[in-house]
Asks: 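I have a structure I would like to understand better, so I am pasting it below and will then ask my questions one at a time.
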Amino acid sequence: MANFSKPSVSRFSVDVYQNEYLPEGGREVNAIVTVTSTGGGTLAGASAAPRPAGPDAGAAVALMVDCSGSMDYPPTKMRNARDATAAAVDTLRDGVHFAVIGGTHVAKEVYPGGGRLAVADAGTREQAKQALRRLSAGGGTAIGTWLRLADRLLSSADVAIRHGILLTDGRNEHESPEDLKAALDACAGRFTCDARGVGTDWEVKEVTSIASALLGSADIVADPAGLAADFTRMMETAMGKEVADVALRVWTPVGTTIRFVKQVAPTVEELTDRRTEAGPRAGDYPTGSWGDESRDYHVCVEVPAAGLGQEMLAARVSLVVPQPDGSAQNLGAQGLVRAVWTDDMTASTSINPQVAHYTGQAELAQAIQEGLDLRKAGDIDGATAKLGRAVQLAGASGNADTAKLLAKVVDVVDAATGTVRLKAKVAEADEMTLETRSTKTVRVKK
């Protein structure tokens, strides 16, 4: 992605929640790390704060619109996609670089063309909307080609924030899974991307894997009439991003092993395997771009055994922006994870509320995904057990949105015990919505 080319007005803070006490022989340390950015762009999707216009406005956006033949069934789907993309174009801040890509089995530059980006103003926004009106459906689907074209266009801008918005209505049938993965690997770290599936003929795991690899959001828009509002919200959020390429840097002392690092709010996202080494005993975990927002991360480390009364620094967490020359800009916030060995059984067996909550939320996401997979495979007993456990966890953690989605797939007999029955008939949109949103979490109840 881009170098961090302009000073940010964002301020970052790090808070650590843990029970640092371990029993004699205890080695596993868990902590929830809350990262908060303030003073940047948007908070919870609110309108972007005004910022300077012109070529240094600091952002470039590529809008990728599915134009495959299936977008004409029903014909309103293509019209809604054009209208949604036009609404997103209207939300672009003056001075932001942008392009519109039409995606079929090949990727086509819809606007401005010529391998370049336009700079948003009243004139270019109107030209882009005129170009959108000429879009028609026809052809296949090869999403990797869309992403590679977006990468080429976005990389031509000297900006801090590079972002994609991708809409598809079908399965990626005109390239191999290996080709899509290769495209995602090539684009990871170069731009972030939100992905949306419209209707019910697309593959959930394809869309969520795109968003996951490119550190964006994924969602379903079952009714194409909802696209314009969703695209506007996505673009408002993108316009509020202020700092790109933020990494969670975790340093651990000699003899300590990191078992996992995962984002746990607002969604569950595994980061452990995305580590890049950052000097002796330190590694960076990518978090993407930030505006005004707060996210939670679960860090689990294994420490060497120590005697009663001893204590140690188990990990130090800070925030950095890696630079092209291999150095890193420190964002001036850090948190410490501690380990203290005690014979006080009450202290050492108490589970920190944040750690317990997010452990349950991660299990909830996994139970939903496994339950739906078992249901598709025809394993009724296995699916009932997993989805029943999901209902139990959703109720215990106060995740009301997920509980409502589960209730469209199972009949809940007793939420507290997780006793459920699979519904005989489930609307495809309801099942896909549950699967797509399964990783969305709620924060700890205060």
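One-based numbering along the sequence shown. These values consider heavy atoms only, across backbone and side chains, with no hydrogens, waters or symmetry-generated copies. On a predicted model such as this, the values are computed, not experimentally measured, just so you know.
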Asks: Pairing donors with acceptors under 3.5 angstrom, does anything connect the side chains of T34 and D15?
Replies: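 D15 and T34 do not have a side-chain donor-acceptor pair below 3.5 Å.
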Asks: For atom NZ of K423, is the number of surrounding heavy atoms from other residues, nucleotides or ligands below 6.0 Å larger than 12?
Replies: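 Yes.
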Asks: Assign the ring pair F12 / W290 to parallel, tilted or perpendicular, where the plane angle (0 to 90°) is split at 30° and 60°.
Replies: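 Perpendicular: the ring planes of F12 and W290 meet at over 60°.
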Asks: Within the 3.5 Å criterion, strictly below it, is a donor on D344 or T342 matched to an acceptor on the partner's side chain?
Replies: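 No, no side-chain donor-acceptor contact under 3.5 Å.
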Asks: Answer yes or no: is there a side-chain heavy-atom contact under 4.5 Å between D401 and L405?
Replies: no
Asks: We want to know whether S70 and D169 form a side-chain donor-acceptor pair, criterion being a heavy-atom distance below 3.5 angstrom.
Replies: yes
Asks: Regarding D296 and Y358, do their side chains bring together a donor and an acceptor under 3.5 Å, going by distance alone?
Replies: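 Distance-only check passes for D296 and Y358.
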Asks: Does the pair K181/D185 count as a salt bridge with the N-to-O cut at 4.0 Å?
Replies: yes
Asks: Counting only heavy atoms not in I351, do more than 12 sit closer than 6.0 Å to its CD1 atom?
Replies: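 Incorrect, the count does not exceed 12.
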Asks: Do V16 and I32 have side-chain heavy atoms sitting under 4.5 Å apart?
Replies: no
Asks: Could you check if a side-chain atom of T402 sits within less than 4.5 angstrom of a side-chain atom of I368, using non-hydrogen atoms only?
Replies: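 They are in contact (side-chain heavy atoms under 4.5 Å apart), so the answer is yes.
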Asks: Please determine, by modelled atom types, if T36 and R295 share a side-chain donor-acceptor pair under 3.5 angstrom.
Replies: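 Absent: no donor and acceptor within the cut-off.
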Asks: Treating S350 as the side-chain partner and A347 as the backbone partner, does any N or O pair qualify as donor plus acceptor under 3.5 Å?
Replies: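 Side chain of S350 to backbone of A347, a donor-acceptor pair under 3.5 Å: no, none is there.
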Asks: With a 4.5 Å cut-off on side-chain heavy atoms, are T287 and L215 touching?
Replies: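 A side-chain contact is absent here, since even the closest heavy-atom pair is not under 4.5 Å.
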Asks: CG of D273: more than 12 outside heavy atoms within 6.0 angstrom?
Replies: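 No, not enclosed.
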Asks: Just to verify, which of R437, K440, R233 counts as forming a side-chain hydrogen bond (donor to acceptor under 3.5 Å, both in side chains) with D219?
Replies: R437
Asks: Does NZ in K408 sit with more than 12 non-hydrogen atoms of other residues, nucleotides or ligands closer than 6.0 Å?
Replies: no
Asks: Using side-chain heavy atoms (C-beta onward) and a distance below 4.5 Å, is S397 in contact with H357?
Replies: yes
Asks: Within the distance-only criterion (no hydrogens, no angle test), does the side chain of H174 pair as donor or acceptor with the backbone N or O of T141 below 3.5 angstrom?
Replies: yes
Asks: Please determine if R375 and E370 form a salt bridge, counting it only when a charged side-chain N lies under 4.0 Å from a carboxylate O.
Replies: no
Asks: Less than 4.0 Å between a side-chain N and a carboxylate O, is that true for E311 and R338?
Replies: yes
Asks: Backbone N or O of E428 within a donor-acceptor pair of the E431 side chain at under 3.5 Å?
Replies: no
Asks: Pick one: which of M235, E236, K241 meets side chain to side chain contact (heavy atoms under 4.5 Å, CB included) with M239?
Replies: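 Going through the options one by one, the only one that passes is M235.
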Asks: Please determine whether a side-chain nitrogen of the Lys or Arg among R171 and D201 lies less than 4.0 Å from a carboxylate oxygen of the Asp or Glu.
Replies: no
Asks: Is it the case that the side chain of H97 and the backbone of A60 share a donor-acceptor pair, with hydrogens and angles ignored and the cut-off at 3.5 Å?
Replies: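 Absent.
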Asks: Can you tell if the side chain of T441 reaches within under 4.5 Å of the side chain of V264, non-hydrogen atoms only?
Replies: no
Asks: May I have all residue pairs that pass salt bridge (charged side-chain N to carboxylate O under 4.0 Å, His left out) and include part of residues 354-364, sequence neighbours excluded?
Replies: E363-R389
Asks: More than 12 heavy atoms of other residues, nucleotides or ligands under 6.0 Å from NZ of K386: yes or no?
Replies: no
Asks: Would you please indicate if the ring centroids of H298 and F260 are separated by under 6.0 Å?
Replies: yes
Asks: For Q366, look at atom CD and say whether over 12 heavy atoms of other residues, nucleotides or ligands are found less than 6.0 Å away.
Replies: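 Not more than 12 within 6.0 Å, no.
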Asks: For S212 and E269, test the side chains for any donor-to-acceptor distance below 3.5 angstrom and give the result as yes or no.
Replies: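 E269 and S212 do have a side-chain donor-acceptor pair below 3.5 Å.
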Asks: Quick one: do R11 and E242 make a salt bridge, cutoff under 4.0 Å?
Replies: no
Asks: Where do C193 and L166 come nearest, in terms of heavy atoms and distance?
Replies: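 What the structure gives for the nearest pair is SG-CB, 4.0 Å.
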Asks: For R275, what residues pass the side-chain contact (heavy atoms from CB on, under 4.5 Å) criterion, not counting sequence neighbours?
Replies: I258, E277, Y285
Asks: Do other residues, nucleotides or ligands put more than 12 heavy atoms under 6.0 Å from the CD atom of E270?
Replies: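 Yes - once you tally the heavy atoms of other residues, nucleotides and ligands closer than 6.0 Å, there are more than 12.
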Asks: Using side-chain heavy atoms (C-beta onward) and a distance below 4.5 Å, is I101 in contact with V65?
Replies: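 No; the side chains remain at least 4.5 Å from each other.
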Asks: Would a 4.5 Å heavy-atom cut-off, applied to side chains only, mark N352 and N30 as touching?
Replies: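 With C-beta onward as the side chain, the pair stays apart.
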Asks: Quick check against the 3.5 Å criterion: does T419 have a side-chain atom that pairs as donor or acceptor with the backbone of A415?
Replies: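 Side chain of T419 to backbone of A415: no pair is present.
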Asks: Checking D373 against K205 for the salt bridge (charged side-chain N to carboxylate O under 4.0 Å, His left out) test, could you report, in this order, the C-alpha distance in whole Å, the side-chain angles of both residues, the deciding distance, and whether it holds?
Replies: CA-CA 11 Å; D373 285 345; K205 286 181 172 60; 3.0 Å; yes
Asks: Any chance you could lay out the side-chain hydrogen bond (donor to acceptor under 3.5 Å, both in side chains) test for E293 and S37, step after step, and finish with the verdict?
Replies: CA-CA 5 Å; E293 58 190 298; S37 169; over 6 Å; no
